[in-house]
Amino acid sequence: MAAVDQLEAGGRPDPDREWWRTAVVYQVVLRAFADGDGDGLGDVAGLRSRLPYLADLGVDAVWVNPWYASPMVDAGYDVTDYRALDPRYGTLEDAEALVREAHALGMRVLLDVVPNHTSDQHAWFRAALAGDEAARARYLFRPGRGERGEEPPNDWESCFRGPAWTRTTGSDGEPGDWYLHMFAPEQPDLDWSNREVHDEMLDVLRFWFDRGVDGFRVDVAHGLVKAPGLPDAEGKDRRTQEHPGWDQDGVHEVYREWRALADAYDPPRVFVAEAWAARRAERLPLYLRPDELHTAFEFEPLHVAWRARPWRDVVDRSLALAEVSGAPCAWVLTNHDVVRQATRYARSQWAEKGTNETERARWPTEEPDLALGLRRARAAAVLVAALPGVLYLYLGEELGLHEVEDIPADRRTDPIFVRSGGTDPGRDGSRVPLPWSGDVPPFGFSPDRRPDGSPPAEPYLPQPARWAALTAQAQDGDPSSTLSLYRRLLALRREHLVPAGGLRWLDAPDDVLALAREGSPVQCWVNLGADPVALPAGGRVLVASAPVVDGSLPGDAGAWVLAG
Ligand code: GLC
C-alpha cells in the first residue's frame, strides 16, 4: 500500500516522498557545531545561524544528536525529558524555528530518539528508586544472585565497560535490587515488555512529528527488547555473537507500530536505525521490512582499512543486503562514536579492519601522518559519494578535521574515558567544536560577546591551534580545499548520480576501485595504492581529490570522470 502511495501517476517514484532513498544527511553534534550564546557549548541558535552554510554545502537533511533535557553524562544520550530541549541548547520555540528555517532552505530535519534507556534523573527512574511500583515496572530491576544478592543478576557487560548492573539501596538503607544498564549506570534500560513504555515513546515521536520534524535516527535500535529471563551471555561478544541483550525478535513489533505512525503523516516521516546485529546478513534486513524502519546505517565503512579489496567487499556486502531488504544503503564514513577517518587513515592500515579500541590504543605508540590521512579521507569521500543510496556526513569531515588526540584528561567528558579508568581516551576527540573563522580559538565557534556583553566562555573542548588553516572561512573559495571538494561532490552527485541506478565495478588494477552507475556516464576511480594509475583515455575529470596530471590519478586519490 505504502509503495503504491509513493508512486506518482505514471509509475515513477515521487522524488519528494522518496527523498530518504538518495539524500545526503549532515550529522550535527549540537554542542560542537556552533555556539549562539557564548557559553562555549553549541546550541540551536548557533545551528540556525549556520543553516545557510549547510544549504550551500548541498545537504538534503540535518540530523541533530539528542538535544533533550539531560544531565549530559553521555552527551545527551541520557534523557530526562523527551519533550523539552536542554536549556543549554535552547527552547522549544528555538527548535520549531529551526525546523521552519531548515524547511525554507529545502532541508529536512531528523532528530535522535533514545528509546533503550532514560537518564537516571528521569522522573520515571526517580519514582522507581523511591519505590513507586508502576515506575519500577518500566525498568529492569532484578534481585541479585548469591546468598545476600551481592552478585549481579546475570553476567552481562556494559558497552562502556564494567557490569551492566548497578545495585540500588533500599529505603531502609540496606542494599536492594539491581537495575540493568547496557551503557552507563546513569542510563537505566527501559523494560519494553511494559506497554506503558511503548505508549510513551509513541507519544514522544508524535510530539516531534507534530512539530514538523521529518524523522528520527533510532539510537541502539537493536537493543530495546532483551531475551526473556535475562539469561547469562556466557562470555558472548555482543558484536560478533548472539548475545541475549541484543537483537531479539520482539523489537520488530515496536518498529511496526512506529512505522504505522510515521506513515500516517503527510509527508510520511522516516527512520534510520543504529542497529548492530551479530548475524548482519540475516538479521539486519528484518529491521528494514517495508512495514518497519526505512534505512539502517552501513557501519562497516567506519572501520574498514584503507585497502581496495576489503573496501570492495564492504560495498558488495552492503549492496547485497540492500538487494534483500529493498532499503537503500546508508553510507557513513564516520560519526560521533568513532575515530575520524582522516586519523584512521593516518597510521599503518589493518589487514582488513580495526575497531575503536584498537584504533585509539595505538595513539601513544604510532605517530600519525596527518597529511596522508587527510589525503586518503578526501579520496574516501570521492568513493562514498558515488555509491548508490543515502550518504551521511559528520560535522567537520567536510573541513578535513582530524581526531583531536591530545585533549587533557581533566577536559574529557566521555563515560568511556572515566569507566576505563582513563586507559581508553573515548570519543571526545571527534566532538571538538568546529573552527569557523579567524586565526585563534574559538575560531568563530562562539560569538565575540555574550548577551550581557561579557566575553564568551572557552569552547567545551579545546580546539587545536593548527585548525586556523582549516576554518570554513579559510577554505571557502579555495578550490583545492576539502570544503570545496565536498561542495563539488555533492553538487555533481545530485546532478549525475541521484538519478542513476545500480553499481557496476569496472576493470581496474588491484589497488584501484573503479565503478560506474547504471544510466550515468560518470565513472568513479579511487586509487587506494601508492602508485599512480592511468584514468580512462579521453575522459573529462569532473572532480578530483588531488591534482590529476596528464590523465594520471596519483596514489591515495580519487576522481570522477565523464567517460569520453
Ligand atoms: C549510541 C550512541 C552513542 C551512545 C549510546 C548510548 O550508540 O550513538 O553515542 O553513547 O548509544 O545511548
Side-chain angles (χ1 to χ4, degrees), residues 25 27-33 63-80 82 86 110-122 125 139-140 156-162 164 166 179-190 192 201 204 216-224 226 238-239 243 245-247 251 271-277 287 293 295-299 301-303 330 332-340 355-357 360 392-395 403 412-420 424-432 461:
V25 185
Q27 179 187 352
V28 171
V29 173
L30 206 48
R31 49 166 58 190
F33 190 65
W63 152 34
V64 188
N65 277 34
W67 60 11
Y68 316 107
S70 166
M72 308 277 173
V73 169
D74 183 19
Y77 284 97
D78 47 320
V79 179
T80 51
Y82 291 82
D86 192 275
L110 306 181
L111 300 183
D112 211 318
V113 65
V114 190
N116 181 67
H117 45 265
T118 68
S119 159
D120 64 341
Q121 300 305 309
H122 190 285
F125 195 70
Y139 295 91
L140 291 155
W156 297 1
E157 287 189 9
S158 137
C159 300
F160 291 161
R161 315 286 170 95
T166 291
Y179 68 88
L180 180 72
H181 52 84
M182 298 309 266
F183 295 89
E186 295 86 352
Q187 295 167 295
D189 277 49
L190 288 162
W192 278 84
M201 241 11 116
V204 166
F216 280 95
R217 176 254 189 194
V218 184
D219 189 57
V220 202
H222 57 304
L224 278 44
K226 278 75 180 171
R238 68 191 156 90
R239 280 175 281 210
H243 181 298
W246 307 102
D247 188 32
V251 81
F271 297 106
V272 55
E274 181 205 25
W276 302 84
Y287 291 79
L293 304 173
T295 47
F297 294 119
E298 297 301 332
F299 283 131
L302 297 178
H303 298 298
V332 37
L333 276 176
T334 188
N335 66 27
H336 64 295
D337 290 328
V338 304
V339 176
R340 283 187 180 275
T355 65
N356 265 331
E357 290 75 22
R360 294 193 291 250
Y392 278 78
L393 305 181
Y394 177 64
L395 84 167
E403 187 87 1
R412 290 199 177 271
T413 69
D414 188 354
I416 291 180
F417 175 69
V418 180
R419 289 177 64 81
S420 70
D424 183 337
R427 302 163 295 179
D428 288 312
S430 66
R431 305 172 179 181
V432 173
L461 290 172

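Everything quoted here is computed from the prediction, not taken from an experiment. Computed from heavy atoms alone, side chains included, the values below leave out hydrogens, waters and symmetry copies. First listed ligand is number 1; within each ligand, the first listed atom is number 1.
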message = Suppose I only count heavy atoms of Arg427 and a 4.0 Å limit; which atoms of ligand 1 are within that range?
response = 3 (C), 4 (C), 9 (O), 10 (O)
note = Atoms of ligand 1 under 4.0 Å from any heavy atom of Phe160, numbered from 1 in the order shown, are 10 (O)
request  = Please identify which atoms of ligand 1 are closer than 4.0 Å to at least one heavy atom of Arg217.
outcome  = 2 (C), 8 (O)
Protein heavy-atom partner closest to atom 7 (O) of ligand 1 - residue, atom, separation in Å = Glu274 OE2, 2.7 Å
key: Heavy atom of Met182, distance to ligand 1 below 4.0 Å   = no
ask   = Any idea which heavy atoms bring Leu110 and Phe216 closest together, and the distance?
value = CD2-N, 4.3 Å
ask   = Pro115 pairs by side chain to side chain contact (heavy atoms under 4.5 Å, CB included) with which of Val204, Val79, Val251, Val218?
value = Val218
key: Shortest protein heavy-atom distance from atom 1 (C) of ligand 1, along with the residue and atom involved   = Asp219 OD1, 2.7 Å
key: Protein contact of atom 5 (C) of ligand 1 - nearest heavy atom, named by residue and atom, plus distance   = Phe183 CE2, 3.7 Å
Residue that, paired with Asp414, satisfies side chain to side chain donor-acceptor pair (under 3.5 Å) out of Arg419, Arg431, Arg427 = Arg427
ask   = At under 4.0 Å between heavy atoms, which part of Trp276 makes contact with ligand 1: side chain, backbone, both or neither?
value = neither
key: is_close_aromatic(Phe183, Tyr77), centroid dist under 6.0 Å   = no
ask   = Which bit of His181 is near ligand 1, meaning a heavy atom under 4.0 Å away: side chain, backbone, both or neither?
value = neither
key: Option among Asp219, Leu30, Val272 that satisfies the side chain to side chain contact (heavy atoms under 4.5 Å, CB included) test with Asp112   = Asp219
ask   = Is the backbone N or O of Trp67 less than 3.5 Å from a side-chain atom of Asp86, with the two atoms forming a donor-acceptor pair by type?
value = no
inquiry  = Using the rule side chain to side chain contact (heavy atoms under 4.5 Å, CB included), only one of Asp337, Val29, Leu333, Val332 pairs with Tyr394; which is it?
reply    = Val29
ask   = What atoms in ligand 1 come closer than 4.0 Å to a heavy atom of His117?
value = 6 (C), 12 (O)
ask   = Out of Asp74, Val79, Asp337, Asn335, whose heavy atom is nearest to atom 3 (C) of ligand 1?
value = Asp337
ask   = Quick check: does any side chain N or O of Glu403 sit under 3.5 Å from a backbone N or O of Arg340, one acting as donor and the other as acceptor?
value = yes
